[in-house]
Structures are given as C-alpha cells and as structure tokens.
Amino acid sequence: MKLLATKNYKTSKGEKLGILTGILYLAPAKISGYEVCPQRSAGCTDACLYKAGMGAFSTVQQARIDKTKYFFEKREEFMTQLRKDITALVRKAKKDNMTPAVRLNGTSDIEWTRFGIMEEFSDVQFYDYTKVLSRLQKDRPKNYHLTFSKNESNEAECEIALKLGVNVAVVFDTEKGKMLPKSWKDYFTYDGDDTDVRFQDPKGGFVIGLRAKGPARKDTSGFVVKS
C-alpha cells in the first residue's frame with residue numbers, strides 16, 4: 001500500500017518551486033475509529049478538507065481509512081512502508097534535481113517526532129500544521145517545520161505561538177482572487193495560498209492567511225475569520 005501522495009493541487013504548486021512533496025492523507029478526526037486530531041474543534045471538524053479534490057471519491061475516502069487503520073493496527077509494517085515511500089521520493093527528487101519534502105499530517109495531527117522518522121531522513125524537509133501548542137515548545141528536529149493553526153476556540157494559543165515566533169495559519173472568508181486582510185491581531189498576513197510549502201514562508205511570527213475552501217465557506221462557528 002503506497003502511503004505518500006505526490007500528485008495533487010498542493011504538490012503541483014511546490015513542484016514549480018523545485019520541491020517534490022509527498023503528503024500522507026489519513027482519515028481525519030475519528031472517522032476511522034481512531035482519533036488523529038487530538039485538539040480539533042467543532043468548527044475545524046466541520047470545515048475539514050477531507051472530502052475536497054480527490055477526497056470527494058468514496059474509493060479515496062476508504063483508502064484513507066485503510067491507511068489510518070494500518071497505522072494503528074500494524075504500526076511496524078506501516079513505518080516500514082513509509083520509509084520505502086520516503087526513500088523512493090528522495091530518489092526521484094535527486095533524479096529530477098528537486099528538493100524532497102514530506103508532510104505527514106495532510107489530514108491529521110499526529111505527533112510524528114515520537115517515531116524518529118525525521119532523524120532517519122535528515123536530507124528531507126518535513127513540515128506540518130498543528131493545533132497542539134505544546135509541540136511548539138518542545139525541541140524538534142531541525143528539518144521539521146511546524147505552523148500553528150487557528151480554530152474558533154484557540155485564539156489565546158495563537159497569540160502565544162506568534163510571540164514564540166511561530167507562524168499561525170488563519171482561514172479567512174476572503175474570496176478566491178481577492179486580497180487577504182493585511183493583518184490579524186496586529187500581525188502581518190502572508191498569503192499562504194500561493195504554495196503549500198510552509199517551510200519557505202517568512203519566519204518570525206507571521207499570520208499565514210488561507211482562503212476558506214469547500215465546507216469552510218459555510219462555516220458559522222467562527223473557525224473562518226471575517227475579512
């Protein structure tokens with residue numbers, strides 16, 4: 001079972017920058033029977049892009065459920081396959097003269113630093129979004145970049161992250177093609193829709209503005225910020 005997806009609208013943007021990205025998409029929340037988003041809120045659960053793009057197909061949804069069960073029920077086999085996928089990604093990136101990158105939490109929020117995978121592949125740039133503030137306050141591998149994510153109930157945590165110099169992703173109700181707000185909470189907003197490779201964003205505590213997509217466009221919880 002191949003675990004990393006390398007062909008979708010997110011990875012294609014990175015390829016234009018010379019970055020070959022592999023993304024692991026699991027079944028979010030507790031859809032598989034296993035919780036993979038420990039700090040999820042009602043708003044982000046409803047607005048999740050799980051069914052966006054290829055995720056709209058039932059076969060893709062089932063594949064993500066199967067991958068999630070594989071992770072929890074056959075952990076050793078899962079990690080062996082993940083290593084194979086990353087090795088193949090690195091090989092292809094080298095062949096194509098590109099930089100290899102991996103996002104393990106495409107639709108999850110698992111603490112991957114527990115498994116030592118970043119240390120094993122020190123030549124790969126890993127990156128993720130997280131809503132778990134404590135992960136920002138722990139030492140982590142130099143090749144692992146984290147962006148904190150705002151929901152409708154963690155504004156205080158967002159301000160802590162920003163003061164720590166960590167970028168925070170904020171979803172706005174801004175329409176496609178229109179300018180995002182210049183700032184949020186007096187922090188400059190950087191357009192995060194230009195690319196998904198968050199490790200190339202400016203560093204130092206910026207708001208990474210994202211436009212509401214899919215179910216998020218109908219949000220009433222406060223997860224999506226009015227621009």
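With rounding to the nearest 0.5 Å, the separation of CD1 in I19 from CG in D196 is 10.0 Å. Remark: S149 OG to R40 CZ distance equals 15.0 Å, nearest 0.5 Å. Note that CG of D219 is 10.5 Å distant from CG of N151, once rounded to the nearest 0.5 Å. Taken to the nearest 0.5 Å, the CD1 atom of I160 stands 10.0 Å off from the CG atom of L136. Rounded to the nearest 0.5 angstrom, E77 CD and Y70 OH are separated by 5.0 Å. Going from atom CD of Q200 over to atom NE2 of H145 covers 10.0 Å, rounded to the nearest 0.5 Å.
Looking only at side-chain heavy atoms (C-beta outward), M1 and F78 stay at 4.5 Å or farther from each other. Between T174 and P181 the shortest side-chain heavy-atom distance falls below 4.5 Å. Side-chain contact check for L210 versus Y129: some heavy-atom pair is nearer than 4.5 Å. Side-chain atoms of R75 and F115, non-hydrogen and from C-beta on, do get closer than 4.5 Å to each other. Within the 4.5 Å cutoff, the side chain of D201 has no heavy atoms near those of the Y127 side chain. In this structure, the side chains of K138 and T113 stay at 4.5 Å or more apart for every pair of heavy atoms. Using a 4.5 Å heavy-atom cutoff, the side chains of I117 and L104 are in contact. The closest side-chain heavy-atom distance from T189 to K182 is not below 4.5 Å.
Aromatic ring centres of Y190 and F206: separated by at least 6.0 Å. Between Y187 and W184, the gap from one ring centroid to the other reaches at least 6.0 Å.
Ring geometry, F72 versus Y34: the interplanar angle falls under 30°, so the pair is classed parallel (tilted spans 30 to 60°).
Considering all non-hydrogen atoms of both residues, A212 and R217 come closest at O-CG, 3.4 Å. Of all heavy-atom pairs between T68 and S32, the closest is CG2-OG, 3.2 Å. In terms of heavy atoms, T6 sits closest to G22 at CG2-CA, 4.0 Å. Closest of all the heavy-atom pairs between C48 and P28 is SG-CG, 3.8 Å. Residue V224 comes nearest to A216 through the heavy atom pair CG2-O, 3.3 Å, listed as atom of the first residue, atom of the second, then distance. Heavy-atom minimum distance, C158 versus K150: SG-CB, 3.4 Å.
Note on V170 and F148: same hydrophobic cluster, where clusters join Ile, Leu, Val, Met, Phe, Trp and Tyr whose side-chain heavy atoms are under 4.5 Å apart, directly or indirectly. In terms of hydrophobic clustering, with Ile, Leu, Val, Met, Phe, Trp and Tyr side chains grouped at heavy-atom distances under 4.5 Å, F172 and L162 are assigned to a common cluster. Side-chain heavy atoms closer than 4.5 Å link hydrophobic residues (I, L, V, M, F, W, Y) into clusters, and following such links, even through other members, never connects I208 to L180. The same ILVMFWY cluster, assembled from side-chain heavy atoms under 4.5 Å apart, contains both L3 and L20. Under the 4.5 Å side-chain contact rule for hydrophobic residues, V132 and V36 do not share a cluster.
At most 12 non-hydrogen atoms from other residues, nucleotides or ligands lie less than 6.0 angstrom from CG of D186. The neighbour count for E175 CD, taken as heavy atoms of other residues, nucleotides or ligands under 6.0 Å away, does not exceed 12.
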Run L133 and N154 through side chain to side chain contact (heavy atoms under 4.5 Å, CB included) and show every step you take. CA-CA 10 Å; L133 183 66; N154 69 351; over 6 Å; no
Quick one: do L89 and F121 satisfy side chain to side chain contact (heavy atoms under 4.5 Å, CB included)? Show the steps, please. CA-CA 11 Å; L89 180 80; F121 294 92; over 6 Å; no
Please evaluate residues F199 and N143 with respect to the criterion side chain to side chain contact (heavy atoms under 4.5 Å, CB included), reporting the C-alpha separation (whole Å), side-chain torsions for both, the decisive distance (0.1 Å), and the verdict. CA-CA 9 Å; F199 56 89; N143 60 329; over 6 Å; no
One pair to check against side chain to side chain contact (heavy atoms under 4.5 Å, CB included): R135 and L146. What are the steps and the verdict? CA-CA 9 Å; R135 292 181 193 165; L146 285 176; 4.2 Å; yes
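Counting only distance, with no hydrogens or angles, the side chain of K203 and the backbone of G165 share no donor-acceptor pair below 3.5 Å. At least one donor-acceptor pair under 3.5 Å links the side chain of D85 to the backbone N or O of L4. Between the side chain of T107 and the main chain of L26, a donor-acceptor pair closer than 3.5 Å is present. A side-chain donor-acceptor contact under 3.5 Å links D128 to the backbone of N105. A side-chain donor-acceptor contact under 3.5 Å links R198 to the backbone of T195.
In terms of the salt bridge (Lys or Arg N to Asp or Glu O under 4.0 Å) criterion, residue partners of D193 (sequence neighbours excluded) are, by chain and number, R211, K213. Under the side chain to side chain donor-acceptor pair (under 3.5 Å) criterion, E155 pairs with K185, not counting sequence neighbours.
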Compile the donor-acceptor pairs under 3.5 Å between side chains in residues 90-97 and protein atoms, sequence neighbours left out, one pair per line.
residue: K92; atom: NZ; partner: D96; partner atom: OD2; Å: 2.9

